[in-house]
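Comments concern the structure below.
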Amino acid sequence: MDTRFSLRYPLLLFCMLTALSPTLGPVTAGKSCTETRQVYAEKGYSTSSAPVTQISGEHLRLCPQDYTCCSSQMEETLALQSERDFLKAIEDTSQFLLTTFTQRHRKFDEFSRELIDLSEKSMNQMFTKTYGRLFTQNAHVFQELFVELRRYYSGGSVSLAEVLSEFWARLVERVFSLVNPQYQFSEDYLECVSKHAEQLQPFGDVPRKLRVQVMRAFVAARALAQGLASGRDIVNKATKLSAGSECVRALIRQWYCPLCRGMPSLRPCHSLCLNVMKGCLANQADLDTEWNNFIDALYQLSEKLEGPFNMELAADSISVKVSEAIMHMQENSVTISTKVFQGCGNPRPAPGRSKRSPKESSSNRRPFRTYSPEEKPTTAAGTNLDRLVTELKERLRPMRGFWVSLPHTICNDEKMAADVSNQDRCWNGQNRGRYLPDVTGDGLVSQINNPEVEVDIARPDVRTRQLIMELRVATNKLRHAQTGQDTDFIDSEEGSGSGGGDQGERYSDDWPGYGPYSPPYNKSPRNPASSPVKPPRVRERNGSKWNRNNGHGRATSKSSRLSWSLSPILSLFVMVTVAPMWR
């Protein structure tokens with residue numbers, strides 16, 4: 001027997017058995033691709049380039065180069081599809097953020113604007129009913145106040161301290177003329193009165209109380225509205241991203257390479273999905289710290305609004321506080337007029353002043369009043385502040401940690417990845433089986449050891465850095481608003497009560513439920529260096545001085561020492577004489 005034949009025979013027999021029995025070797029060519037073609041077609045793609053049976057995969061660039069049901073064209077198409085699926089998953093997951101910020105901003109903005117409208121309407125109704133034509137003749141003074149309040153709330157470059165100061169300066173001129181109808185006052189004379197209104201305190205302590213209440217509430221309301229708008233814009237920017245080439249490679253490898261292997265129902269292992277998502281969303285995870293600070297600041301400011309910075313209470317109090325101020329000046333008009341005459345000089349009598357008609361008596365006086373609860377104007381925007389704030393806080397709570405938990409949110413979707421309990425029958429990136437690598441950490445720096453996505457940790461994303469700065473700016477504004485400070489006017493209003501000097505003030509008549517509180521003014525002498533400086537008037541006049549007609553200029557200090565108290569007889573005279581003037 002030929003020795004060579006005896007050596008060849010076993011080898012030939014082995015080759016024949018291998019060809020006849022595929023179970024003895026890895027050769028799987030010829031397996032049907034029906035399932036792959038069906039799923040591919042369901043996604044709207046033509047199957048003209050899809051193999052009918054598995055072919056050799058040397059042409060694949062992204063999926064494992066094993067026998068496959070995907071052509072090169074299919075692989076490219078599925079790569080684009082994986083990116084679209086990724087972006088759609090981010091959009092769907094973040095939709096509740098966008099919807100919350102958009103809807104809450106719209107509702108709060110609508111509510112706040114309507115509150116201002118109702119406050120103005122309330123004042124017009126109250127004052128028209130009480131004073132009739134005399135109010136309507138001077139209504140522009142009050143209209144201008146609300147115009148400026150709207151401008152401020154809408155984001156205009158408006159100083160609330162100056163707006164309120166100008167309002168009281170104009171009002172003191174009008175009321176002073178009305179309580180002294182027997183005299184004729186020039187513009188210079190009235191300018192003298194208004195310039196020294198702070199020293200005269202014709203309206204008592206009401207302007208300071210109203211300033212604190214209005215500024216706190218309006219600063220907080222504007223900051224919250226702007227904060228909600230900023231949140232909406234930041235979410236929009238953060239979710240409008242594009243997947244890099246390394247990310248796309250990882251996405252198709254986890255989602256569509258099983259399809260190419262003829263196993264379209266196989267989902268990626270949960271840990272594989274997490275590593276892919278953490279690599280693709282590394283920059284978004286770096287937003288987390290500043291994002292949480294921003295959400296916390298929104299939440300805390302919301303609590304302020306339903307408490308001591310109540311916008312609803314402040315808007316409703318404007319007409320009441322102004323009426324109190326006018327009544328105070330009416331009832332103390334003789335004392336105030338005496339001081340003014342000593343400081344600004346004696347005015348000229350009004351020509352042809354006739355005596356009052358008999359009907360203008362104290363019995364016809366219609367005093368200011370506040371609304372009873374059942375008479376109050378309809379609640380703004382069909383809701384109330386407490387409800388708005390409660391709904392907002394409920395939606396803010398789950399927003400904390402959103403960006404760092406985004407990979408988990410996506411991978412917990414059964415359409416995106418296998419359940420965490422299914423660790424042995426999932427796609428591990430190469431075939432069916434357990435995924436062995438550890439899950440990487442969060443953020444850009446942690447991706448240095450990511451086994452699925454190659455991330456350049458030395459190049460932070462510019463857009464992400466910009467978003468972090470936007471979050472910091474928005475958070476800073478919200479935190480300042482919690483102390484009644486507007487960051488746009490901190491420097492110019494620090495001495496005018498925008499924040500620092502008024503932060504601790506509470507008044508039992510302003511803030512029900514917060515108890516009595518003694519303002520700092522009553523506790524210790526005021527530091528002259530920190531005394532508020534009255535903002536300049538809009539209009540400029542010349543020639544009128546506090547000590548004009550007082551040759552040696554001593555009237556200022558002398559008049560400032562006059563007592564505000566009046567005898568009962570003098571008070572009665574004021575009420576009888578002045579009351580009809582604003583009818």
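All values reported here derive from a predicted model rather than from experimental measurement.
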Of all residues at least two apart in sequence or in a different chain, which pass the side chain to side chain donor-acceptor pair (under 3.5 Å) check with [X]?
X	answer
Arg463	none
Asp288	Asn292
Glu91	none
Arg106	none

Ignoring hydrogens and angles, tell me if any N or O in the side chain of [X] forms a donor-acceptor pair with the backbone of [Y] under 3.5 Å.
X	Y	value
Thr136	Arg133	yes
Ser122	Leu118	no
Ser323	Val320	yes
Ser94	Leu97	no
Asn332	His328	yes
Trp403	Asn283	no
Asn180	Phe176	yes
Thr128	Gln125	no

- request: Test the Arg222-Tyr152 pair against the cation-pi criterion, namely NZ or CZ under 6.0 angstrom from the six-membered ring centroid and within 45° of the ring axis.
  value: yes
task: Could you give me the CA-CA distance, side-chain angles and deciding distance for Phe309 and Val219, then say whether side-chain contact (heavy atoms from CB on, under 4.5 Å) is met?
output: CA-CA 9 Å; Phe309 290 17; Val219 167; over 6 Å; no
- prompt: Does the pair Arg170/Glu166 count as a salt bridge with the N-to-O cut at 4.0 Å?
  reply: yes
Do [X] and [Y] come close enough that some side-chain heavy atom pair is under 4.5 Å?
X	Y	result
His196	Lys339	no
Leu287	Val404	no
Met399	Phe101	yes
Leu471	Ile234	yes
Leu467	Glu290	no
Met215	Asp486	no

What are the two closest non-hydrogen atoms of [X] and [Y], and how far apart are they?
X	Y	value
Met311	Ala221	SD-CB, 3.8 Å
Pro181	Leu178	CD-O, 3.4 Å
Tyr189	Pro347	OH-CD, 3.8 Å
Ala220	Leu301	O-CD2, 3.6 Å
Ser119	Phe146	OG-CE2, 3.5 Å
Val193	Cys344	N-SG, 4.0 Å

As an exercise, state the distance from [atom1] of [X] to [atom2] of [Y], rounded to the nearest 0.5 Å.
X	Y	atom1	atom2	value
Leu210	Trp168	CG	CH2	5.5 Å
Gln95	Thr100	CD	OG1	9.5 Å
Gln330	Phe203	CD	CZ	10.0 Å
Ser194	Leu171	OG	CG	11.5 Å
Ser317	Glu312	OG	CD	10.5 Å
Leu115	Ile318	CG	CD1	9.5 Å

statement: So salt bridge (charged side-chain N to carboxylate O under 4.0 Å, His left out) across residues 226-237, not counting sequence neighbours, yields Lys237-Glu470
- line: Applied to residues 135-148, the salt bridge (charged side-chain N to carboxylate O under 4.0 Å, His left out) test, sequence neighbours excluded, yields Glu148-Arg151
For [X], enumerate each residue passing the ring-ring contact (aromatic ring centres under 6.0 Å, His included) test, keeping only those at least two apart in sequence or located in another chain.
X	answer
Phe218	none
Phe108	none
Phe167	Phe142

message: side-chain contact (heavy atoms from CB on, under 4.5 Å), that's the test. Do Leu392 and Leu298 meet it? Break it down for me.
response: CA-CA 9 Å; Leu392 175 60; Leu298 275 175; 5.9 Å; no
task: Starting from the C-alpha separation in whole Å, work towards a yes-or-no answer on side chain to side chain donor-acceptor pair (under 3.5 Å) for Arg211 and Ser165.
output: CA-CA 9 Å; Arg211 184 195 71 220; Ser165 178; over 6 Å; no
query: Glu306 and Lys393: salt bridge (charged side-chain N to carboxylate O under 4.0 Å, His left out), yes or no, with the steps?
result: CA-CA 11 Å; Glu306 66 179 351; Lys393 291 196 299 183; 2.7 Å; yes
- request: May I have the step-by-step check of side chain to side chain donor-acceptor pair (under 3.5 Å) for Thr99 and Gln103, ending in yes or no?
  value: CA-CA 6 Å; Thr99 300; Gln103 291 182 350; 5.5 Å; no
Of all residues at least two apart in sequence or in a different chain, which pass the salt bridge (Lys or Arg N to Asp or Glu O under 4.0 Å) check with [X]?
X	answer
Asp296	Arg400
Asp117	Arg150
Arg395	none

query: Can you check ring pair (Phe, Tyr, Trp, His ring centres under 6.0 Å) on Tyr183 and Phe341, steps first, answer last?
result: CA-CA 11 Å; Tyr183 296 108; Phe341 297 160; 5.3 Å; yes
- request: Specify whether Phe402 and Trp291 have parallel, tilted or perpendicular ring planes, treating 30° as the upper limit for parallel and 60° as the lower limit for perpendicular.
  value: tilted
- prompt: Between Asp286 and Thr464, does any side-chain donor sit less than 3.5 Å from a side-chain acceptor?
  reply: no
task: Evaluate the criterion side-chain contact (heavy atoms from CB on, under 4.5 Å) for residue pair Arg465 and Met469; output intermediate values, then yes/no.
output: CA-CA 6 Å; Arg465 301 301 105 187; Met469 288 306 301; 5.9 Å; no
field: From CA spacing to verdict: side-chain contact (heavy atoms from CB on, under 4.5 Å), Val141, Glu173
entry: CA-CA 11 Å; Val141 176; Glu173 294 177 5; over 6 Å; no
